[in-house]
Amino acid sequence: VQLQASGGGLVQPGGSLRLSCKASGSTIRFSVVSWHRQAPGKQREMVAKITPGGVTDYADSVKGRFTISTDNARNTASLQMNSLKPDDTAVYFCRYQYRGDFWGQGTLVTVSS
């Protein structure tokens, strides 16, 4: 299974970005999909998760601003990030858990004016 994450970049505070994670070699239909992030000098933390049944969970720090979703037809998971803050600056990783534990390569999000 390979995961290809994309969509990171530089954005001003208050702006939006949409991250995508496409899976090849497996289907996400039965996967628990999550997004994690790691800021410099900090531990990796989960920011959003969605189960195969569509139940979502978010870190308190992103509730109301981030939305996780999946597109089974495209075998892709997304993370819509709105009202971005400088504290959201980190490398973001997608993770698929189904018959294994698979991580994407990470995409850098920088929130700065």
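Computed from a predicted structure; not experimentally measured.
Summarising the geometry, atom OG belonging to Ser31 is positioned 10.5 Å from atom CZ belonging to Arg29; distances are rounded to the nearest 0.5 Å. Note that the CD atom of Gln12 and the OG atom of Ser112 stand 8.5 Å from one another [nearest 0.5 Å]. With rounding to the nearest 0.5 Å, the separation of CG in Leu84 from OG in Ser16 is 6.0 Å. Atoms CD and OG, on Gln97 and Ser34 in that order, are 5.5 Å from each other to the nearest 0.5 Å. Here the straight-line distance linking atom CZ of Arg18 with atom CD of Gln80 works out to 5.0 Å at 0.5 Å rounding.
Heavy-atom minimum distance, Val91 versus Gly106: CG1-CA, 3.8 Å.
Among pairs with a residue in residues 55-113, those fulfilling disulfide bond (SG atoms under 2.5 Å apart) read Cys21-Cys94, at least two apart in sequence or across chains. Among residue pairs with one or both ends in residues 5-32, those qualifying as ring-ring contact (aromatic ring centres under 6.0 Å, His included) are Phe30-Tyr98; sequence neighbours excluded. Counting only residues at least two apart or on different chains, the ring-ring contact (aromatic ring centres under 6.0 Å, His included) pairs with a member in residues 33-54 are His36-Trp103.
Every residue meeting the side-chain hydrogen bond (donor to acceptor under 3.5 Å, both in side chains) condition with Arg65, not counting sequence neighbours, appears here in chain and number order: Asp88. Listed by chain and residue number, nothing satisfies the side-chain hydrogen bond (donor to acceptor under 3.5 Å, both in side chains) test with Tyr96 (two or more places apart in sequence, or in another chain). With sequence neighbours excluded, no residue satisfies ring-ring contact (aromatic ring centres under 6.0 Å, His included) with Phe66. With sequence neighbours excluded, the residues satisfying salt bridge (charged side-chain N to carboxylate O under 4.0 Å, His left out) with Arg74 are Asp71. Legend: residues meeting side-chain hydrogen bond (donor to acceptor under 3.5 Å, both in side chains) with Ser69, ordered by chain and number and at least two apart, are absent. Residues passing the side-chain contact (heavy atoms from CB on, under 4.5 Å) test with Asp87, sequence neighbours excluded: none. For the side-chain hydrogen bond (donor to acceptor under 3.5 Å, both in side chains) test, residues two or more places apart in sequence or in another chain that qualify with Ser61 are Arg37.
The side-chain tip of Arg95 does not point at the ring of Phe102 from less than 6.0 angstrom away and within 45° of straight on.
Around CD of Gln38, the count of heavy atoms belonging to other residues, nucleotides or ligands within 6.0 Å exceeds 12.
Summarising the hydrophobic clusters (Ile, Leu, Val, Met, Phe, Trp, Tyr; side-chain heavy atoms under 4.5 Å, direct or chained), the residues clustered with Leu10 are none. In this structure, Val32 shares a hydrophobic cluster with no other residue, the cluster being traced through Ile, Leu, Val, Met, Phe, Trp and Tyr side chains under 4.5 angstrom apart.
The hydrophobic clustering, which links ILVMFWY residues whose side-chain heavy atoms are closer than 4.5 Å, places Leu79 and Phe93 apart. Cluster membership check: Met46 does not share its hydrophobic cluster with Ile28, using side-chain heavy-atom separations under 4.5 Å among Ile, Leu, Val, Met, Phe, Trp and Tyr. Using a 4.5 Å cut-off between side-chain heavy atoms of Ile, Leu, Val, Met, Phe, Trp and Tyr, with links allowed through other members, Val33 and Leu17 fall into the same hydrophobic cluster. Both Tyr58 and Leu19 belong to a single network of hydrophobic side chains, linked directly or stepwise wherever heavy atoms of I, L, V, M, F, W or Y lie under 4.5 Å apart.
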*asked:* For a side chain to side chain contact (heavy atoms under 4.5 Å, CB included) check, start with the C-alpha distance between Val55 and Lys49, then their side-chain angles and the critical distance, and finish with the verdict.
replied: CA-CA 8 Å; Val55 177; Lys49 180 172 68 177; over 6 Å; no

_Applying side chain to side chain contact (heavy atoms under 4.5 Å, CB included) to Val109 and Thr89, what does each step give before you reach the verdict?_
CA-CA 5 Å; Val109 172; Thr89 295; 5.9 Å; no

_Stepwise side chain to side chain contact (heavy atoms under 4.5 Å, CB included) test for Leu3 and Gln105_ = CA-CA 7 Å; Leu3 304 179; Gln105 83 283 11; 5.8 Å; no

